[in-house]
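Below, read A as the first sequence line, B as the second, and so on, with proteins coming before strands; counting in each chain starts at 1.
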Protein chains: 2
Amino acid sequence: MALKLEPIRNEPAYRIVAREIGDRIIRGEIAVGEALPSEMALAEQLKVNRSTVREAIRVVEQNGLVRRRDGGKKLYVTAPRSADLAKGVQAAMILQEVTFRELWEVLQAVEPLAAEASARNATQEQIDKLADNFERTRYALDNRHNLTELDIEFHHLVAEASGNRALQLSLAPISQLFYPAFYKVFARLNAGDRLLFAHQKIIEAIKTKDEREARAWMERHIADFKRGYELANLDMETVVGPARSEP
Amino acid sequence: MALKLEPIRNEPAYRIVAREIGDRIIRGEIAVGEALPSEMALAEQLKVNRSTVREAIRVVEQNGLVRRRDGGKKLYVTAPRSADLAKGVQAAMILQEVTFRELWEVLQAVEPLAAEASARNATQEQIDKLADNFERTRYALDNRHNLTELDIEFHHLVAEASGNRALQLSLAPISQLFYPAFYKVFARLNAGDRLLFAHQKIIEAIKTKDEREARAWMERHIADFKRGYELANLDMETVVGPARSEP
DNA sequence: CGCGATCCATTGTCGGACAGTAGTGGAATT
DNA sequence: AATTCCACTACTGTCCGACAATGGATCGCG
């Protein structure tokens, strides 16, 4: 009578090595800013081939735990930034065929928090950046340039000014998927003025540290996106992402 | 007079290959569920060595765009699930030394939305799972078992029942970091009953499709965590993650 | 048609090789 | 002595070839 054998999950070495390196970083054994040992050194320590180490490093690198400085050769340990992770989350949302309504619902919940926290925590430098973004947005609007980039930047700056990094990490991928779609709305309505006005009100509230006002204006601002969608006869149930090729 | 030369960013081939594969998947040229060509085939198509392809595959694999089925050999294209991405986001939060307060603020904004949407959208099957989770939680509480896993599961189930995948993707990493810390609170107060009661009320509201009630109870439930922290004399400004080793 | 034995393709890992270059340290210059 | 220059080293990125293990397909058998 053979006893029930657990299917031996022969985990590939590169994944074990990757976890090992990742864990050491998480546990702080290799401090942020420090350089990773060379591939050869790692291979010798862990008794595996350099190729295996390299595959493991790709994994760790992709997680943003480690990166090359400027054009450097060595890999340095680093705390992943929202930009590192946003791409992956976006890919997930695209392949899961998430709709704009789903993104909007989350934004409606989180952006007001970002605005409120920014009113509480924004530094002068962050306020200056917001003011600068506002000027450039006004200029772009006057000259009928594309506002998409600037709008994304605005919301990113607000998230940054909130001082809440969990919020930044959550918001970044959603923003980058959602706001580009606004150009469609912008193209059909002439809603640029409304957008600019809302930005202005939000920035003012952040400047004067009026949390309630900042939240309220951001709520209206996000709600406006939905109204814009409806007025422009666009469907919020459209899935995000590029046109998929269907065979 | 040498003209200003752009520093030639000689991007390594494995990264180009990884982007190429990833882009094809995102664009739907390789459909979800389909198998990836063999390493050899990819190497020939892209005119690079198999080693290079393998390093690229590690990157794509880590993004959750591709995975092995059961113990299979081939890689199948797949939509990344929240579990794939949560680990990376968690690592980012730990290394950025995010505090429990930051996580809590986001939860306070997003969990009520999850509960509300669940009251609107939960299927019978999802409701059954919630009911089952409730029973197991009650049992664990009676027997003084650890509630952490069950609490995480509860919130995960609510997020799932919301039908909003953007919300799930945002919530998963935060939940998995935050709720384990609750065992500390639970250990000092005897707050298990309060937790169970809140879960019960939330599940009831979801069953009866009472969106307002579901939101309200979830708001109280999340607020309770903060109260618990304060009552237990724990500091919400503590950073998340395992004890870091400091040299 | 179902079932097991057999074969093949593919993955995981290893070893070695080599070009290009970032980083190092020492030599030459001011 | 400080600085600039240069040669050298070590390391990364890429390629090649090889082999064990095994999942998946094929074939033959009942």
Side-chain angles (χ1 to χ4, degrees), chain A residues 2 5-22 24-25 30-31 33-78 84, chain B residues 2 5-22 24-25 30-31 33-78 84:
Chain A
L5 284 183
E6 190 70 9
I8 302 173
R9 184 62 54 226
N10 209 353
E11 205 178 6
Y14 66 79
R15 213 172 296 173
I16 298 175
V17 172
R19 223 193 5 255
E20 176 65 23
I21 297 174
R24 284 191 193 178
I25 293 175
I30 315 178
E34 220 170 304
L36 217 61
S38 75
E39 295 171 357
M40 269 302 188
L42 285 169
E44 284 171 15
Q45 283 178 36
L46 303 170
K47 306 293 180 204
V48 293
N49 192 277
R50 188 164 80 99
S51 309
T52 305
V53 170
R54 283 182 62 82
E55 293 191 26
I57 288 179
R58 292 308 144 248
V59 173
V60 180
E61 197 179 21
Q62 189 58 21
N63 275 355
L65 288 174
V66 93
R67 75 164 51 98
R68 244 161 285 280
R69 280 180 190 163
D70 62 274
K73 188 168 279 197
K74 302 228 285 261
L75 287 168
Y76 292 88
V77 175
T78 162
D84 297 320
Chain B
L5 284 184
E6 190 71 7
I8 301 173
R9 185 62 58 223
N10 210 356
E11 204 177 6
Y14 66 79
R15 212 172 296 172
I16 298 176
V17 172
R19 226 199 355 261
E20 175 65 22
I21 297 174
R24 285 190 192 179
I25 293 174
I30 316 178
E34 221 169 304
L36 216 60
S38 76
E39 295 171 355
M40 271 300 190
L42 285 170
E44 284 170 16
Q45 282 177 37
L46 301 170
K47 305 294 180 202
V48 293
N49 191 274
R50 187 164 81 101
S51 310
T52 305
V53 170
R54 282 182 62 83
E55 293 191 25
I57 288 180
R58 292 308 144 247
V59 173
V60 180
E61 198 178 20
Q62 189 58 21
N63 275 354
L65 288 174
V66 90
R67 75 163 52 97
R68 244 162 288 278
R69 280 180 190 163
D70 62 276
K73 189 167 278 197
K74 301 228 288 260
L75 287 168
Y76 292 88
V77 174
T78 162
D84 298 320

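Salt-bridge check for B:Arg58 with B:Glu61: passed, with a basic side-chain N closer than 4.0 Å to an acidic carboxylate O. With respect to A:Glu55 and A:Arg15, no salt bridge is recorded, no charged nitrogen being found less than 4.0 Å from a carboxylate O.
Look at CD on A:Glu11: it is 13 Å from C1' on C:dG12, rounded to the nearest Å. Computed from coordinates, the B:Ile16 CD1 to D:dT14 P distance equals 8 Å when rounded to whole Å. For the pair B:Lys74 NZ and C:dC8 P, the computed distance is 18 Å after rounding to whole Å. For A:Tyr76 and D:dC11, the OH to P distance is 13 Å, given to the nearest whole Å. One atom, CE of A:Met40, and another, C1' of D:dT9, lie 14 Å apart when rounded to the nearest Å. The distance between atom CD1 of B:Ile57 and atom P of C:dT13, rounded to the nearest whole Å, is 13 Å. Nucleotide C:dG12 holds its P atom 7 Å from the CD atom of B:Glu61, rounded to whole Å. Look at CD on A:Glu39: it is 8 Å from C1' on D:dG13, rounded to the nearest Å.
A:Gln62 contributes no side-chain N or O that, together with a main-chain N or O of A:Val59, makes up a donor-acceptor pair within less than 3.5 Å.
A close approach under 4.0 Å does not occur between any side-chain nitrogen or oxygen of B:Arg58 and OP1 or OP2 of C:dT11. In terms of phosphate contacts, B:Arg54 brings no side-chain nitrogen or oxygen within less than 4.0 Å of OP1 or OP2 of C:dT10.
Non-hydrogen atoms lying under 4.0 Å from DNA chain D are contributed by A:Arg50, all within residues 42-51 of chain A.
Scanning all heavy atoms of the two residues, the minimum distance from B:Val53 to B:Glu39 falls at CG1-O, 4.0 Å. Shown here for B:Leu65 and B:Gly22, the closest heavy-atom pair between the two residues is CD1-CA, 4.1 Å.
In this structure, the nucleotide among D:dC11, C:dG12, D:dG13 sitting nearest to the side chain of B:Tyr14 is D:dG13.
Taking the nucleotide of DNA chain C with the nearest heavy atom to each of A:Lys73 and A:Arg15, the more 5' of the two is matched to A:Arg15.
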Checking A:Ile16 against A:Arg19 for the side-chain contact (heavy atoms from CB on, under 4.5 Å) test, could you report, in this order, the C-alpha distance in whole Å, the side-chain angles of both residues, the deciding distance, and whether it holds? CA-CA 5 Å; A:Ile16 298 175; A:Arg19 223 193 5 255; 4.2 Å; yes
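For the side chain to side chain contact (heavy atoms under 4.5 Å, CB included) test with A:Arg67, the passing option among A:Val77, A:Val60, A:Asp84 is A:Asp84; the others fail.
Contacts of B:Arg68 with the nucleic acid, taken as non-hydrogen atoms under 4.0 Å apart, involve only primed sugar atoms and P, OP1 or OP2.
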